[in-house]
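Structure first, commentary second.
The chains referred to below are lettered A, B, ... by the order of the sequence lines, with proteins before strands, and numbering in each begins at 1.
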Number of protein chains: 2
Amino acid sequence: MSRREEAKTFNRARICAAAESIIRSEGIDNLTMRRLAVVAGVSLRTPYNLFGSKTDVLIALLDEAVFKFTQLGLARADGVAIVGMLRALGQIETFFDSDETYYRGIYAAIMTSDHPEVRSTSVDRAIASARVLMAQAISNGELRADTDAQSLGRHLAITLLAVLGMWGSGFFSNRESMAQVRRAWLAVMLQHCTDTSRLMLAAAYDNPSDIGD
Amino acid sequence: MSRREEAKTFNRARICAAAESIIRSEGIDNLTMRRLAVVAGVSLRTPYNLFGSKTDVLIALLDEAVFKFTQLGLARADGVAIVGMLRALGQIETFFDSDETYYRGIYAAIMTSDHPEVRSTSVDRAIASARVLMAQAISNGELRADTDAQSLGRHLAITLLAVLGMWGSGFFSNRESMAQVRRAWLAVMLQHCTDTSRLMLAAAYDNPSDIGD
DNA sequence: AATATTTTTATAACACGTGTCAATAATGTT
DNA sequence: AACATTATTGACACGTGTTATAAAAATATT
């Protein structure tokens, strides 16, 4: 990496760190580009050079969070894709719990920005992951062979992201969000399950986590 | 109503009409408070006096739309609550189709505003309606008697609203949104249906409308 | 009719995200 | 070392939602 790129990377990191620090210590409402420039020790223009927009800075923070989450690794589920999928929900909840105001803040800020191109990348990523898992579930015999993994994966991913949108806007708690997704996921997967997995899924559906009032 | 209240009501209507006109003829990006004041023939301050904020003006437009929709009346479904619920989805789609850019525009504008109090009223309304319908479905014998109508109604309403959030942000078409909701609704209702309604629901689930890729 | 209250108006201002543009500094290339 | 390229800076400006303030107009009260 050339020294120029090194400097850019360094400045990007400084700006991200400053943004995170401001959000943590002063609240996300006080994250303004002018304040960010001051705290990062950089001119007002530089974040625009290095990121493009305020939203892009926040996206960088979200990417860091996503990276941190993926580093946790998906809980092993003894090769049962469906269980892995459901466990991921619990992991998301735990992850959010660990730093709720921060994650919700950046998520909401991104969602309430009128940079719609943001969403499609994360949407595509989620859909791809879900499709892979559902294809595994089919080849594992957890889901019926006539199941359309593409369509099902897309449906499940959108379900998650749609609820996350409401979560970001503060409508309900981490737990409520995940319970909503869990219920929706289980119901849909029950429509495609084999006899092998039906009992487990049905039991999970009938034993809901707290969905809230 | 006192003359003062009459004047207020009149001005409110003028402002709403001006806002709608601007959105229609110049696009929602050109709906600024200054332009709104000019077109409405009113001072810049007046919309703030009468509505509170720009978001509140848009909420008034959305309320008008919701009112117009409810005036259509829910499609009769021969007393089958579940069918009525599903038909409502089709009605929503038709309604959106009839004026897509307008409805999506105001919906997106409201959703991307940081006035979160907005959402709760429409959310509460939707939940209440769904709960009523689900209670009917139970007493009609369409859903099992041990079904929790409160919980189920809430779940279904949130499913709809969560998807609508993504719809507003332009992620997918009217039809795709409703197909997503339809699939999710059918799957969940299938978990609570009686033998009477199972065949119909299962057939509907297996015959999805186009969900898009 | 005179007075008090409430609303609207006019004007200015604030903080915000973002853009322009020239100057300057840092880095790359020869 | 001299030059060319690129990145950062600084100061300013624009349009936005929103608020402040005081004057004017409309309405209510007596």
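If you find the closest nucleotide of DNA chain D to B/Arg34 and to B/Ser2, the one lying nearer the 5' end belongs to B/Arg34. Each of B/Ala7 and B/Tyr48 was matched to the nucleotide of DNA chain D holding its nearest heavy atom; the match closer to the 5' end belongs to B/Tyr48.
One atom, CG of B/Asn49, and another, P of D/dA25, lie 18 Å apart when rounded to the nearest Å. Rounded to an integer number of Å, the gap from B/Glu5 CD to D/dA26 P is 18 Å. Atom NZ in B/Lys54 sits about 8 Å away from atom P in D/dT18, given to the nearest Å. Between the CZ atom of B/Arg35 and the C1' atom of D/dG17 there is a distance of 17 Å, rounded to whole Å. B/Leu50 places its CG atom 14 Å from the C1' atom of D/dA26, with the value rounded to the nearest Å. As rounded to whole Å, 10 Å separates atom P of D/dT27 from atom CD of B/Glu6. B/Leu44 has its CG atom 16 Å from the P atom of D/dT21, to the nearest Å.
For the pair A/Asn11 and D/dA7, the criterion of a side-chain N or O lying under 4.0 Å from OP1 or OP2 is not met. An OP1 or OP2 oxygen of D/dA7 is reached within less than 4.0 angstrom by a side-chain nitrogen or oxygen of A/Lys8.
Side-chain contact between A/Leu152 and B/Arg183: present, with at least one pair of heavy atoms (C-beta onward) separated by less than 4.5 Å. Taking the side chain as every heavy atom from C-beta outward, A/Phe172 and B/Ile158 approach each other to under 4.5 Å. Contact of the B/Met134 side chain with the B/Met189 side chain is registered, since non-hydrogen atoms from C-beta on lie closer than 4.5 Å.
One N or O donor and one acceptor, one from the side chain of A/Arg4 and one from the base of D/dT5, sit under 3.5 Å apart.
Across all strands, B/Leu36 comes closer than 4.0 Å to no nucleic acid atom at all (heavy-atom distances).
A 4.0 Å heavy-atom criterion places the boundary nucleotides of DNA chain C facing chain B at C/dT5 to C/dA13, written 5' to 3'.
Residues B/Trp167 and B/Tyr107 bring their aromatic ring centres within 6.0 Å.
Considering only the side chain of A/Arg45, D/dG10 comes nearest among D/dA7, D/dG10, D/dT8.
Between B/Arg125 and B/Asp63 there is a salt bridge, with a side-chain nitrogen of the basic residue lying less than 4.0 Å from a carboxylate oxygen of the acidic one.
Checked by atom type and distance alone, the side chain of A/Ser21 never pairs as donor or acceptor with a backbone atom of A/Ala17 at under 3.5 Å.
Between A/Phe96 and A/Tyr103, the ring-plane angle classifies as tilted under the 30° and 60° cut-offs.
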